[in-house]
Amino acid sequence: MINEKPLAGARIAVTRARHQAPPLSDLIRELGGTPIPYPCIAIAPPEDTKPLDDCLRQIHRFDWLLVTSGNAVRAIRDRQSKLNVSLADAPIKVAAAGPATAAELRRLLHCEVHFVPPESGAGQLARSLPVSRPSRILLPLSDLADQLTAQILRARGAETTAVVAYRTAMGEGGADLPAMLIRRAIDALTFASPSAVEYFCRRCSAPEALRLPAACIGPATAGAAAAHGFQRLVTPKQPGLREMVSALAAYFAASSISSDN
């Protein structure tokens with residue numbers, strides 16, 4: 001018989017920013033788990049908004065807008081409202097790194113999404129985007145983002161403008177996770193970005209955390225978790241929140257079968 005609540009009784013730390021946590025928490029509850037809020041990142045405007053503002057005012061200069069996260073969508077929306085400009089009417093094609101980001105673009109910016117890669121991820125988007133030399137691309141990113149996506153695009157001949165759209169800072173508040181770890185009151189951790197791993201390790205130094213199952217949204221996040229010493233990584237075959245939670249549920253189900261035997 002299939003267990004419809006494979007996470008029943010599991011207390012799972014949610015390290016996403018407060019405004020991003022509800023969808024992940026809902027997925028955990030769907031499968032019977034209890035989400036424990038522990039925001040490890042916070043999203044803030046860049047210290048200097050002028051570079052992004054200039055690009056949005058001159059959006060007609062670009063052929064493509066590439067958006068790799070929901071945070072970038074919200075950053076663009078916030079600056080648009082202050083500048084009184086709109087992407088919805090701009091003569092530009094829009095690409096998203098995955099279905100969730102595409103949905104945010106449609107919901108918050110009311111714009112058409114022209115391209116989503118077959119496999120989610122910024123790297124996949126950069127490699128598969130149908131660009132031709134010399135396409136002009138606007139790439140809004142976090143201040144912590146590496147330059148790999150821009151480098152791939154430039155290597156393909158695209159004139160790429162990478163601009164800081166938002167800052168990723170360390171979150172605060174939530175549960176007293178270090179104390180819960182000591183009491184063995186946490187059963188798993190979830191990480192949806194490499195920066196969440198980084199700031200988790202700054203917020204919580206309890207060695208017990210490194211021995212817990214650490215569900216990671218994709219390979220880049222899993223790589224960051226491995227580099228910080230997490231020993232039991234759970235990564236879905238395809239990046240995504242639902243995929244990550246499903247992978248964690250499968251991990252718990254397999255662990256239960258092993259312990260029964």
Side-chain angles (χ1 to χ4, degrees), residues 16-17 19-21 23-24 27 41 43 46 52 55-56 59 62-80 87 90 92-131 135-156 158-168 190-197 215-224 235-247:
R16 301 198 86 191
H19 71 280
Q20 293 179 303
L24 176 55
L27 289 170
I41 62 173
I43 305 302
L52 177 61
C55 289
L56 293 177
I59 196 70
F62 297 96
D63 300 304
W64 282 93
L65 170 67
L66 268 60
V67 186
T68 59
S69 72
N71 287 326
V73 178
R74 294 181 187 89
I76 294 170
R77 178 200 60 187
D78 293 346
R79 296 315 302 168
Q80 273 194 161
L87 280 180
I92 186 174
K93 291 183 178 180
V94 179
T101 302
E104 287 290 86
L105 281 162
R106 297 184 186 101
R107 184 174 72 87
L108 296 180
L109 298 184
H110 311 293
C111 62
E112 181 181 355
V113 178
H114 300 84
F115 183 79
V116 180
E119 296 183 12
S120 298
Q124 291 291 339
L125 175 59
R127 294 183 186 93
S128 58
L129 185 74
V131 294
S135 294
R136 295 163 297 178
I137 294 175
L138 176 59
L139 179 64
L141 297 168
S142 161
D143 62 325
L144 298 182
D146 61 35
Q147 292 298 307
L148 179 60
T149 303
Q151 289 169 359
I152 294 171
L153 291 164
R154 288 169 185 148
R156 297 183 60 203
E159 181 184 322
T160 304
T161 300
V163 61
V164 173
Y166 62 94
R167 287 185 297 117
T168 303
T190 57
F191 296 115
S193 66
S195 54
V197 177
C216 300
I217 198 167
T221 302
T235 309
K237 293 180 179 179
Q238 294 293 329
L241 289 181
R242 183 172 293 277
E243 291 80 1
M244 176 176 68
V245 175
S246 296

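Note that this is a predicted model, so its numbers are computed, not measured. Heavy atoms only: backbone and side chains are in, while hydrogens, waters and symmetry mates are out.
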Can you name the side-chain contact (heavy atoms from CB on, under 4.5 Å) partners of [X], sequence neighbours left out?
X      : answer
Pro23  : Leu241
Pro117 : Phe115, Gln124, Leu125, Ser128
Asp78  : none

For the side chain of [X] and the backbone of [Y], is there at least one donor-acceptor N/O pair under 3.5 Å apart?
X      : Y      : result
Gln80  : Leu87  : yes
Arg154 : Thr160 : yes
Asp143 : Thr168 : yes
Ser195 : Ser193 : no
His114 : Val94  : yes

Rounded to the nearest 0.5 Å, what separation is found between the [atom1] atom of [X] and the [atom2] atom of [Y]?
X      : Y      : atom1 : atom2 : result
Gln20  : Ser69  : CD    : OG    : 7.5 Å
Ile137 : Ile92  : CD1   : CD1   : 9.5 Å
Leu139 : Phe62  : CG    : CZ    : 10.5 Å
Leu52  : Thr161 : CG    : OG1   : 11.5 Å

Cut-off 3.5 Å, no hydrogens considered: what does the side-chain donor-acceptor table look like for residues 144-152, sequence neighbours left out?
{"residue": "Asp146", "atom": "OD1", "partner": "Leu148", "partner atom": "N", "Å": "3.1"}

For residues [X] and [Y], report the shortest heavy-atom separation together with the two atoms involved.
X      : Y      : answer
Ala192 : Ile217 : O-CG2, 3.3 Å
Ala96  : Leu105 : CB-CD1, 3.8 Å
Ala72  : Val67  : CB-CG1, 3.9 Å
Ala165 : Pro46  : O-CD, 3.2 Å
Glu243 : Pro236 : O-CB, 3.5 Å
Pro219 : Thr235 : N-CG2, 4.2 Å

Can you confirm whether [X] sits close enough to [Y] that some side-chain heavy atom of one is under 4.5 Å from a side-chain heavy atom of the other?
X      : Y      : answer
Met244 : Leu24  : yes
Ile76  : Pro140 : yes
Thr68  : Thr101 : no

Under the side chain to side chain donor-acceptor pair (under 3.5 Å) test, residues paired with Ser246 that sit two or more places apart:
none
Over 12 non-hydrogen atoms of neighbours within 6.0 angstrom of CZ in Arg136:
yes
Starting from the C-alpha separation in whole Å, work towards a yes-or-no answer on side-chain contact (heavy atoms from CB on, under 4.5 Å) for Ser142 and Asn71.
CA-CA 8 Å; Ser142 161; Asn71 287 326; over 6 Å; no
Can you pull the salt bridge (Lys or Arg N to Asp or Glu O under 4.0 Å) pairs that have at least one residue in residues 104-125, sequence neighbours excluded?
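Found Arg74-Glu104, Glu104-Arg107.
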